[in-house]
Amino acid sequence: MSTANDVLTVAGHAFRSRLIVGTGKYRSYQVMVEALERSGAEWVTVAVRRVNLNRNEDSLLNYIDPHRYKLLPNTAGCYTVEEAIRTAHLAREALETPFIKLEVIGDEKTLFPDNQATIEAAARLVKEGFVVMPYVTDDLIVAKKLVDVGVAAVMPLAAPIGSGLGIQNYANLRILREQITEVPLIVDAGVGTASDAVIAMELGYDGVLMNTAIAQAENPPLMAEAMRHAIEAGRKAYLAGRIPKKLYATASSPLEGVIGRGMSR
């Protein structure tokens, strides 16, 4: 299968890169800029409640080239439906985009999402014209309910935000991929290194969103480049189709016709 026209499409917007990168936790804006460039990402997330949205002042937004990157504002830090909805409206007004990465946190220690509140907030925001991409646990029923209310993508976690643990529930993510086909599935949270991103893509996920794994690496720009290659390799491996797993060996070369095989002395 050719990868020439293989793009990530969300609500009619196409992206060559399947890596979405966060903009928080970097040691400096300069490090962030270099990491974004080397990641190859075309879409970056911005935490609306933690960023100065006034570009006339010193703001993170001044370091993100609007001609190169599409902004995906998120509702990080919101713990109620009303907080998330207010933040989404602020993002749409200030950043002039209907896209919103919806987060409604249910537990302060784990930062696990409140799935029920997320479904409620998503339903309201969709009705108000937002393109909603919710962060949720790896729960099939929740994902189906979100698809039913009209979200543009579903973003299940691999592990707790910022933990770097990688994919912890392989089976659930496989089930989600098999049953959720109406919208893109994007792994969000918990990636620690390049192999985690490869696994997510080899499962058939449409993309991966990450922040801490790059921003808190010893060398963020180099890790960003590694993640870029990991996403590309994992996607190509998925499209290529891996061989079945078998318990016993299979010779790489056929044995028929081998000199001396089957001959009696």
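The line from OG1 of Thr118 to CD of Gln116 is 9.0 Å long, rounded to the nearest 0.5 Å. With rounding to the nearest 0.5 angstrom, the CG atom of Asp114 is 10.0 Å from the OG1 atom of Thr80. In this structure, Met210 CE and Ser39 OG are separated by 9.0 Å, a value rounded to the nearest 0.5 Å. Note that the CG atom of Leu157 and the CG atom of Leu111 stand 10.5 Å from one another [nearest 0.5 Å]. Considering OH of Tyr69 and CG of Leu36, their distance stands at 5.0 Å, rounded to 0.5 Å. Taking CD1 of Ile64 as the reference point, atom NE2 of His67 lies at 13.5 Å (rounded to 0.5 Å).
Judged by distance alone, the side chain of Glu42 and the main-chain N or O of Arg16 form a donor-acceptor pair under 3.5 Å. Formation of a donor-acceptor pair under 3.5 Å by the Arg18 side chain with backbone atoms of Val7 is found in this model. Formation of a donor-acceptor pair under 3.5 Å by the Thr75 side chain with backbone atoms of Cys78 is not found in this model. Side-chain atoms of Arg177 do not come within 3.5 Å of backbone N or O of Leu203 as any donor-acceptor pair. Tyr238 places no side-chain N or O within 3.5 Å of a backbone atom of Ala200 that could act as its donor or acceptor partner. In terms of modelled atom types and a separation under 3.5 Å, the side chain of Asp138 and the main chain of Asn172 share no donor-acceptor contact. Counting only distance, with no hydrogens or angles, the side chain of Thr23 and the backbone of Thr45 share a donor-acceptor pair below 3.5 Å. Between the side chain of Gln216 and the backbone N or O of Lys25, at least one donor-acceptor pair lies under 3.5 Å.
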Test Met201 against Ile199 for side-chain contact (heavy atoms from CB on, under 4.5 Å), laying out the working first.
CA-CA 5 Å; Met201 298 306 295; Ile199 291 171; over 6 Å; no
Step by step, would you call Asp107 with Thr110 a side chain to side chain donor-acceptor pair (under 3.5 Å)?
CA-CA 6 Å; Asp107 180 72; Thr110 63; 2.7 Å; yes
Are Tyr26 and Ile214 close enough, and set up right, to give a side-chain contact (heavy atoms from CB on, under 4.5 Å), and what steps lead you there?
CA-CA 9 Å; Tyr26 288 92; Ile214 294 176; 3.5 Å; yes
Audit row: Phe99, Val10, side-chain contact (heavy atoms from CB on, under 4.5 Å) steps and yes/no:
CA-CA 10 Å; Phe99 281 81; Val10 181; 4.0 Å; yes
Under the side-chain contact (heavy atoms from CB on, under 4.5 Å) criterion, do Arg228 and Arg38 qualify, and how do the steps go?
CA-CA 8 Å; Arg228 174 181 186 169; Arg38 291 176 67 174; 6.0 Å; no
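One hydrophobic cluster, built from ILVMFWY side chains closer than 4.5 Å, cannot hold both Leu185 and Val198; they sit in different ones. Linking ILVMFWY side-chain heavy atoms closer than 4.5 Å, directly or via other members, places Val208 and Phe15 in two distinct hydrophobic clusters. Under the 4.5 Å side-chain contact rule for hydrophobic residues, Met223 and Val33 share a cluster. Cluster annotation: Leu71 is connected to Leu19 through the hydrophobic network of ILVMFWY side chains, with a link wherever side-chain heavy atoms come within less than 4.5 Å. Connection of Trp43 to Val187 is not established within any shared hydrophobic cluster, with ILVMFWY side chains joined at heavy-atom distances below 4.5 Å, either directly or through further cluster members.
Nearest heavy atom pair, residue Val48 against residue Ala91, reads CG2-CB, 3.6 Å. The shortest non-hydrogen separation linking Pro160 to Phe112 is CG-CE2, 3.9 Å. Ser17 and Ala41 make their closest contact through OG-CA, 3.7 Å (heavy atoms, listed as atom of the first residue, atom of the second, distance). Of all heavy-atom pairs spanning Ala159 and Gly166, the tightest one is CB-O, 3.3 Å. Of all the heavy atoms in Ala194 and Ala230, the pair that sits closest is O-CB, 3.4 Å. When every heavy atom of Met155 is checked against every heavy atom of Asp188, the shortest pair comes out as CB-CB, 3.9 Å.
No side-chain heavy atom of Leu102 sits under 4.5 Å from any side-chain heavy atom of Met133. Looking at heavy atoms from C-beta onward, His229 lies in side-chain contact with Glu225 at the 4.5 angstrom threshold. Pro220 has its side chain out of reach of Glu34: every pair of non-hydrogen atoms, C-beta onward, lies at least 4.5 Å apart. Between Ile105 and Glu103, some side-chain heavy-atom pair lies under the 4.5 Å cut-off. Using a 4.5 Å heavy-atom cutoff, the side chains of Asp196 and Ile167 are not in contact. For the pair Pro73/Thr97, a side-chain contact is recorded, criterion being any heavy-atom separation below 4.5 Å from C-beta on. Counting heavy atoms from C-beta outward, Thr137 and Pro156 have side chains that stay 4.5 Å or more apart. Side-chain atoms of Asn74 and Val46, non-hydrogen and from C-beta on, never get closer than 4.5 Å to each other.
Among residues at least two apart or in separate chains, salt bridge (Lys or Arg N to Asp or Glu O under 4.0 Å) pairs with a member in residues 77-95 are Arg49-Glu83, Glu82-Arg124. Pairs passing the salt bridge (Lys or Arg N to Asp or Glu O under 4.0 Å) check and including a residue from residues 151-167, sequence neighbours excluded, do not occur.
Between His89 and Phe130, the ring-plane angle classifies as perpendicular under the 30° and 60° cut-offs.
Of the options Leu125, Val151, Val149, Val104, a side chain to side chain contact (heavy atoms under 4.5 Å, CB included) to Pro134 is made by Val151 and by none of the others.
Both tests hold for Lys101 against Tyr135: distance to the six-membered ring centre under 6.0 Å, angle to the ring axis within 45°.
Annotation: Glu96, atom CD; neighbour count of heavy atoms from other residues, nucleotides and ligands within 6.0 Å does not exceed 12. Crowding of Lys70 atom NZ: a count of heavy atoms from other residues, nucleotides or ligands under 6.0 Å exceeding 12.
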